[in-house]
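Along the sequence shown, the residues carry numbers beginning at 1.
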Amino acid sequence: MAMISVGYMAKRMVGCPEWIKTPRVKEICSVGKCISADFADFINYWKHNGYWFFDSPQIIHELAQEHSIDLTGTRYFYYEAYEQEFDDTREQWQWTSFRPEPSFTTEIVVPVNKILLGYDVVTFSQNNAAECSPLSCNSLAEDVETNEHCLLSSLQQAQQLLESGKFKNSEPGPYRIFAVYSPE
(Lines give C-alpha, C1' and ligand atoms only; values in the text may rest on other atoms or scores of the structure.)
Protein backbone atom coordinates (compact mmCIF):
# COMPACT_ATOMS: atom_id res chain seq x y z
CA MET A 1 0.00 0.00 0.00
CA ALA A 2 1.14 3.50 -0.76
CA MET A 3 0.96 7.03 0.54
CA ILE A 4 -0.72 9.63 -1.68
CA SER A 5 -0.11 13.35 -1.81
CA VAL A 6 -3.11 15.28 -0.46
CA GLY A 7 -1.80 18.84 -0.11
CA TYR A 8 -0.85 21.68 2.21
CA MET A 9 -2.27 23.61 5.14
CA ALA A 10 -1.13 26.62 7.14
CA LYS A 11 -1.77 26.11 10.86
CA ARG A 12 -1.81 28.40 13.90
CA MET A 13 0.52 26.41 16.11
CA VAL A 14 0.23 25.94 19.85
CA GLY A 15 2.31 24.10 22.39
CA CYS A 16 1.07 21.14 24.37
CA PRO A 17 -2.08 22.06 26.32
CA GLU A 18 -1.95 21.47 30.08
CA TRP A 19 -4.72 18.87 29.86
CA ILE A 20 -2.52 16.51 27.79
CA LYS A 21 -0.46 15.02 30.61
CA THR A 22 2.74 13.83 28.96
CA PRO A 23 6.20 15.41 28.99
CA ARG A 24 6.97 14.02 25.50
CA VAL A 25 4.71 16.44 23.61
CA LYS A 26 6.07 19.96 23.04
CA GLU A 27 3.78 21.14 20.21
CA ILE A 28 0.63 19.96 18.45
CA CYS A 29 1.33 19.30 14.75
CA SER A 30 -1.89 17.39 14.20
CA VAL A 31 -3.78 17.48 10.93
CA GLY A 32 -6.99 18.09 12.90
CA LYS A 33 -7.91 21.70 13.53
CA CYS A 34 -9.17 21.43 17.11
CA ILE A 35 -5.98 22.57 18.85
CA SER A 36 -3.58 23.96 16.23
CA ALA A 37 -6.21 25.64 14.08
CA ASP A 38 -6.19 26.07 10.32
CA PHE A 39 -5.15 29.57 9.17
CA ALA A 40 -8.82 30.45 8.44
CA ASP A 41 -12.26 29.01 7.88
CA PHE A 42 -11.13 28.39 4.30
CA ILE A 43 -13.93 26.22 2.95
CA ASN A 44 -16.21 29.14 1.98
CA TYR A 45 -13.50 30.50 -0.36
CA TRP A 46 -13.60 27.32 -2.52
CA LYS A 47 -9.86 27.32 -3.32
CA HIS A 48 -9.10 23.95 -1.71
CA ASN A 49 -8.50 20.75 -3.63
CA GLY A 50 -10.51 17.52 -3.67
CA TYR A 51 -8.86 16.34 -0.43
CA TRP A 52 -9.90 19.61 1.30
CA PHE A 53 -6.32 20.88 1.54
CA PHE A 54 -4.41 23.17 -0.84
CA ASP A 55 -2.39 22.25 -3.91
CA SER A 56 0.47 24.61 -2.96
CA PRO A 57 1.54 27.09 -0.27
CA GLN A 58 1.21 29.81 -2.94
CA ILE A 59 -2.57 29.26 -3.12
CA ILE A 60 -2.82 29.74 0.66
CA HIS A 61 -0.72 32.89 0.45
CA GLU A 62 -2.83 34.33 -2.40
CA LEU A 63 -6.06 33.51 -0.57
CA ALA A 64 -4.77 35.23 2.58
CA GLN A 65 -3.80 38.35 0.61
CA GLU A 66 -7.08 38.47 -1.28
CA HIS A 67 -9.17 38.22 1.91
CA SER A 68 -6.89 40.12 4.34
CA ILE A 69 -6.15 37.00 6.40
CA ASP A 70 -3.16 37.47 8.68
CA LEU A 71 -0.72 34.55 8.34
CA THR A 72 1.53 35.80 11.15
CA GLY A 73 2.35 32.92 13.46
CA THR A 74 1.25 30.21 11.04
CA ARG A 75 3.34 27.28 9.89
CA TYR A 76 2.96 25.40 6.62
CA PHE A 77 2.57 21.63 6.52
CA TYR A 78 2.55 19.19 3.63
CA TYR A 79 0.51 15.99 3.96
CA GLU A 80 0.46 12.56 2.44
CA ALA A 81 -2.27 10.08 3.36
CA TYR A 82 -2.33 6.31 3.45
CA GLU A 83 -4.39 5.26 0.43
CA GLN A 84 -7.08 3.55 2.53
CA GLU A 85 -9.13 4.66 5.52
CA PHE A 86 -10.01 2.48 8.49
CA ASP A 87 -13.75 2.10 9.06
CA ASP A 88 -14.62 0.83 12.52
CA THR A 89 -18.29 1.81 12.24
CA ARG A 90 -19.29 -1.44 10.57
CA GLU A 91 -19.74 -4.78 12.27
CA GLN A 92 -16.67 -6.04 10.41
CA TRP A 93 -13.85 -3.47 10.73
CA GLN A 94 -12.16 -2.88 7.41
CA TRP A 95 -9.78 -0.82 5.31
CA THR A 96 -11.51 0.88 2.36
CA SER A 97 -10.39 3.19 -0.43
CA PHE A 98 -11.20 6.88 -0.56
CA ARG A 99 -10.86 9.40 -3.36
CA PRO A 100 -10.71 13.17 -3.72
CA GLU A 101 -13.94 15.03 -4.37
CA PRO A 102 -14.03 15.06 -8.20
CA SER A 103 -15.70 18.47 -8.49
CA PHE A 104 -12.49 20.16 -7.23
CA THR A 105 -9.27 20.39 -9.19
CA THR A 106 -6.50 18.47 -7.44
CA GLU A 107 -3.02 19.24 -8.83
CA ILE A 108 -0.68 19.09 -5.84
CA VAL A 109 2.82 20.54 -6.13
CA VAL A 110 5.01 18.12 -4.16
CA PRO A 111 7.76 19.94 -2.23
CA VAL A 112 11.31 19.39 -3.46
CA ASN A 113 12.48 19.01 0.14
CA LYS A 114 10.42 17.93 3.12
CA ILE A 115 11.10 16.81 6.68
CA LEU A 116 8.91 14.03 8.12
CA LEU A 117 7.58 15.01 11.55
CA GLY A 118 5.52 11.85 12.12
CA TYR A 119 2.15 10.23 11.47
CA ASP A 120 -1.29 11.33 12.60
CA VAL A 121 -4.63 9.53 12.72
CA VAL A 122 -7.55 11.79 11.80
CA THR A 123 -11.32 11.33 11.74
CA PHE A 124 -13.41 11.86 8.60
CA SER A 125 -17.00 11.15 9.67
CA GLN A 126 -18.32 13.57 7.03
CA ASN A 127 -15.95 12.11 4.39
CA ASN A 128 -14.60 15.48 3.29
CA ALA A 129 -12.47 17.78 5.48
CA ALA A 130 -10.17 16.61 8.27
CA GLU A 131 -11.87 16.64 11.66
CA CYS A 132 -10.29 15.52 14.95
CA SER A 133 -6.95 14.00 15.77
CA PRO A 134 -7.61 11.73 18.77
CA LEU A 135 -3.91 11.72 19.75
CA SER A 136 -4.30 15.37 20.79
CA CYS A 137 -8.06 16.07 20.85
CA ASN A 138 -8.80 13.07 23.08
CA SER A 139 -5.44 13.00 24.90
CA LEU A 140 -4.55 9.54 23.53
CA ALA A 141 -0.94 10.77 23.48
CA GLU A 142 -0.95 10.12 27.24
CA ASP A 143 -1.37 6.37 26.61
CA VAL A 144 0.27 5.99 23.20
CA GLU A 145 3.95 6.61 22.48
CA THR A 146 4.13 9.82 20.43
CA ASN A 147 6.96 12.19 19.63
CA GLU A 148 7.40 15.86 20.57
CA HIS A 149 4.97 16.85 17.78
CA CYS A 150 2.17 14.63 19.19
CA LEU A 151 2.62 12.30 16.21
CA LEU A 152 3.33 8.60 15.80
CA SER A 153 6.68 7.25 14.62
CA SER A 154 5.50 5.08 11.72
CA LEU A 155 2.69 4.11 9.40
CA GLN A 156 2.84 0.60 10.83
CA GLN A 157 2.35 1.91 14.39
CA ALA A 158 -0.73 3.87 13.27
CA GLN A 159 -2.18 0.85 11.44
CA GLN A 160 -1.59 -1.43 14.44
CA LEU A 161 -3.21 1.02 16.87
CA LEU A 162 -6.28 1.35 14.64
CA GLU A 163 -6.63 -2.40 14.10
CA SER A 164 -6.24 -3.12 17.82
CA GLY A 165 -9.13 -0.75 18.64
CA LYS A 166 -7.04 1.91 20.44
CA PHE A 167 -8.95 4.72 18.69
CA LYS A 168 -12.38 3.10 19.11
CA ASN A 169 -14.85 5.43 20.86
CA SER A 170 -12.48 8.41 20.77
CA GLU A 171 -14.16 10.23 17.87
CA PRO A 172 -16.46 8.96 15.10
CA GLY A 173 -14.56 7.41 12.17
CA PRO A 174 -13.61 6.45 9.61
CA TYR A 175 -9.95 7.26 10.28
CA ARG A 176 -7.22 8.25 7.84
CA ILE A 177 -3.49 8.07 8.48
CA PHE A 178 -1.38 11.08 7.47
CA ALA A 179 2.35 11.58 7.10
CA VAL A 180 2.97 15.12 8.39
CA TYR A 181 5.87 17.00 6.78
CA SER A 182 7.49 20.37 7.21
CA PRO A 183 8.11 21.53 3.61
CA GLU A 184 11.37 23.32 2.90
Q. Below 4.5 Å, heavy atoms only, C-beta onward: do Ile108 and Phe54 meet side chain to side chain?
A. no
(Q) Between Asn49 and Glu107, is there a side-chain donor-acceptor contact under 3.5 Å, judged purely by atom types and distance? (A) no
Q) Taking the side chain as C-beta and beyond, is there a heavy-atom pair between Trp95 and Pro174 under 4.5 Å? A) no
Q. Counting only heavy atoms not in Lys47, do more than 12 sit closer than 6.0 Å to its NZ atom?
A. no
**Q.** Polar contact flag, side-chain donor to acceptor under 3.5 angstrom, Glu101-Ser103
**A.** yes
Q) Are Glu145 and Ser153 close enough that a side-chain donor and a side-chain acceptor fall under 3.5 Å? A) no
Q: Taking the six-membered ring for Trp and the full ring for Phe, Tyr or His, determine whether the centres of Tyr8 and Tyr76 are under 6.0 Å apart.
A: no
(Q) Tell me whether the rings of Phe124 and Phe178 are parallel (<30°), tilted (30 to 60°) or perpendicular (>60°). (A) parallel
Q: Mind telling me whether Phe104 and His48 have parallel, tilted or perpendicular rings, with 30° and 60° as the class edges?
A: tilted
(Q) Side chains of Leu151 and Tyr119, heavy atoms from C-beta outward: is any pair under 4.5 Å? (A) no
**Q.** Short N-O contact, Lys21 and Glu142, less than 4.0 angstrom
**A.** no
Q: Could you tell me whether the side chain of Ser154 and the main chain of Gln157 form a donor-acceptor pair under 3.5 Å?
A: yes
Q.
Looking only at side-chain N and O atoms, does Gln159 offer a donor or acceptor that is under 3.5 Å from a partner on Glu163?
A. no
Q | Check: Gly32 main-chain N/O paired with Lys11 side-chain donor or acceptor under 3.5 Å | A | yes
**Q.** Ser133 versus Asp120, side-chain donor and acceptor atoms under 3.5 Å
**A.** yes
Q: Mark yes or no: Lys114 above the aromatic ring of Tyr181, with NZ or CZ under 6.0 Å from the six-membered ring centre and no more than 45 degrees from the axis.
A: yes
Q.
When you compare the side chain of Ser30 with that of Leu135, does any pair of heavy atoms fall below 4.5 Å?
A. no
Q. Can you find a pair of side-chain heavy atoms, one from Ile4 and one from Glu80, that are under 4.5 Å apart?
A. no
Q: Examine distances only and state if a side-chain atom of Ser139 and a backbone atom of Ile20 form a donor-acceptor pair shorter than 3.5 Å.
A: no
Q: Measure the shortest side-chain to side-chain distance between Asn127 and Phe98 over non-hydrogen atoms and say whether it is less than 4.5 angstrom.
A: no
